[in-house]
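Inspection log for the structure reproduced underneath, given as structure tokens.
All values below were derived from every heavy atom in this structure, side-chain atoms included, with hydrogens, water molecules and symmetry-related copies excluded.
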Amino acid sequence: MLRSILALSLLAAAGAACAQWQPSAELGIVSASGNSDTTSVNGRFGLKGEDALWTHDYRLAALRAESNDETTANRYELGAKSARKLGDRAYLGAAARYENDDFAAYDYQSTLAINYGAWLLRDERRSFQLEGGPGLRRARLSDTGAVETSALLRGFADYKHQLTDSTSFFNTLLVEAGDENTFAQNDIGIAVSINKSLALKAAFQMRHNTEVPVGTERTDTLTSVNIVWSPKAD
């Protein structure tokens, strides 16, 4: 499997130079003072590229929060996907993800998987994308420092609906199921365009681990309102 992923990654890197790239960025900040001082910042940067044969999707996301000068959240995540098109709707690719979280059941989780995917629906207003495949997972427990390495099955679903000319709905689900733990993340929300390049996005995120140390919550949630920058291609 590792040889297949490496070969696919090398082919994707060769095709990336010819791709047309589309960047995006978003940022949300909340600050309160008075009887208690609270500050939280969450942000995301994305870069997507596509040419006649390949698609690429890279992202960086971060969350940090402080309350009365004490850090209460500190997480960042890196993700990358590249896929070779197999016609108009199907594709074969590889996906990698790494997250580091100072306040979660795992200090870090990293995954690497091969994916077969397809667009079940793709028109001017709606799109529905599904993908899945086998992979590997490596993670370190926060309480004991023990490192887990296991096989996994990865599943991904992405639904988007352009409700009006200025308002869109999205719902994205990621599942990484392994013997040691199953991780699931769902992001749902609405984005409203402000102008050609800016939008206001309200989202709710739920993250769940099935196996966690005693005293640690299995589910984390994040409600955010962010400004999104995404320049439109001419």
Shortest non-hydrogen contact from [X] to [Y]?
X	Y	result
Ala139	Tyr106	CB-CD2, 3.7 Å
Ala177	Thr182	CA-OG1, 3.6 Å
Ala105	Pro213	CB-CD, 3.5 Å
Asn226	Gly28	OD1-CA, 3.2 Å
Trp229	Pro23	CH2-CG, 4.1 Å

Residues [X], [Y]: salt bridge by 4.0 Å N-O rule:
X	Y	answer
Glu176	Arg137	no
Glu77	Arg97	yes
Glu148	Arg138	no
Arg140	Asp107	yes

If we count only N and O atoms by modelled type, under 3.5 Å, do the side chains of [X] and [Y] hold a donor and an acceptor together?
X	Y	answer
Asp187	Asn171	no
Asn100	Gln109	no
Thr172	Asp158	yes
Gln162	Arg125	no
Tyr91	Gln129	yes

Rounded at 0.5 Å granularity, tell me how far [atom1] in [X] sits from [atom2] in [Y].
X	Y	atom1	atom2	result
Ser82	Leu92	OG	CG	11.5 Å
Tyr108	Tyr98	OH	OH	7.0 Å
Asn209	Thr219	CG	OG1	8.5 Å
His208	Thr221	NE2	OG1	13.0 Å
Phe45	Ser24	CZ	OG	7.0 Å
Ile114	Arg154	CD1	CZ	12.0 Å

Heavy-atom donor-acceptor pair, [X] side chain to [Y] backbone, under 3.5 Å:
X	Y	value
Arg122	Arg89	no
Thr39	Ser31	no
Asn115	Gly117	no

Task: Greater than 12 external heavy atoms within 6.0 Å of Asn195's CG - done: yes

Task: side-chain contact (heavy atoms from CB on, under 4.5 Å) between His56 and Lys81, worked out - done: CA-CA 6 Å; His56 311 278; Lys81 290 199 302 182; over 6 Å; no

- [ ] Would you please test Arg64 and Thr71 for side-chain contact (heavy atoms from CB on, under 4.5 Å) and show each step?
- [x] CA-CA 8 Å; Arg64 183 175 178 86; Thr71 302; 3.2 Å; yes

Open item on the list: My understanding is that only residues two or more places apart in sequence, or in another chain, count here; which of them pass side chain to side chain contact (heavy atoms under 4.5 Å, CB included) with Arg126?
Closed with: Leu121, Asp123, Tyr159, His161

- [ ] Check side chain to side chain contact (heavy atoms under 4.5 Å, CB included) between Val225 and all other residues, then give those that pass, not counting sequence neighbours.
- [x] Leu200, Ala202

TODO: Only one of Asp179, Leu141, Thr216, Asn181 passes side-chain contact (heavy atoms from CB on, under 4.5 Å) with Glu211; say which it is.
DONE: Asn181

- [ ] Run the numbers on Val41 and Leu27 for side-chain contact (heavy atoms from CB on, under 4.5 Å), then give the verdict.
- [x] CA-CA 7 Å; Val41 178; Leu27 181 65; 3.9 Å; yes

Open item on the list: One pair to check against side chain to side chain donor-acceptor pair (under 3.5 Å): Arg218 and Thr210. What are the steps and the verdict?
Closed with: CA-CA 6 Å; Arg218 288 187 171 89; Thr210 57; over 6 Å; no

TODO: Please tell me if the side chains of Lys85 and Trp54 come closer than 4.5 Å, counting only heavy atoms from C-beta onward.
DONE: no

TODO: Check whether any side-chain heavy atom of Leu53 lies under 4.5 Å from a side-chain heavy atom of Arg84, and answer yes or no.
DONE: yes

- [ ] Go through the steps to decide whether Gln20 and Glu50 satisfy the test side-chain contact (heavy atoms from CB on, under 4.5 Å), and finish with yes or no.
- [x] CA-CA 5 Å; Gln20 295 183 346; Glu50 183 172 357; over 6 Å; no

Task: Nonpolar side-chain network containing Leu222, other nodes, edges under 4.5 Å - done: Leu63

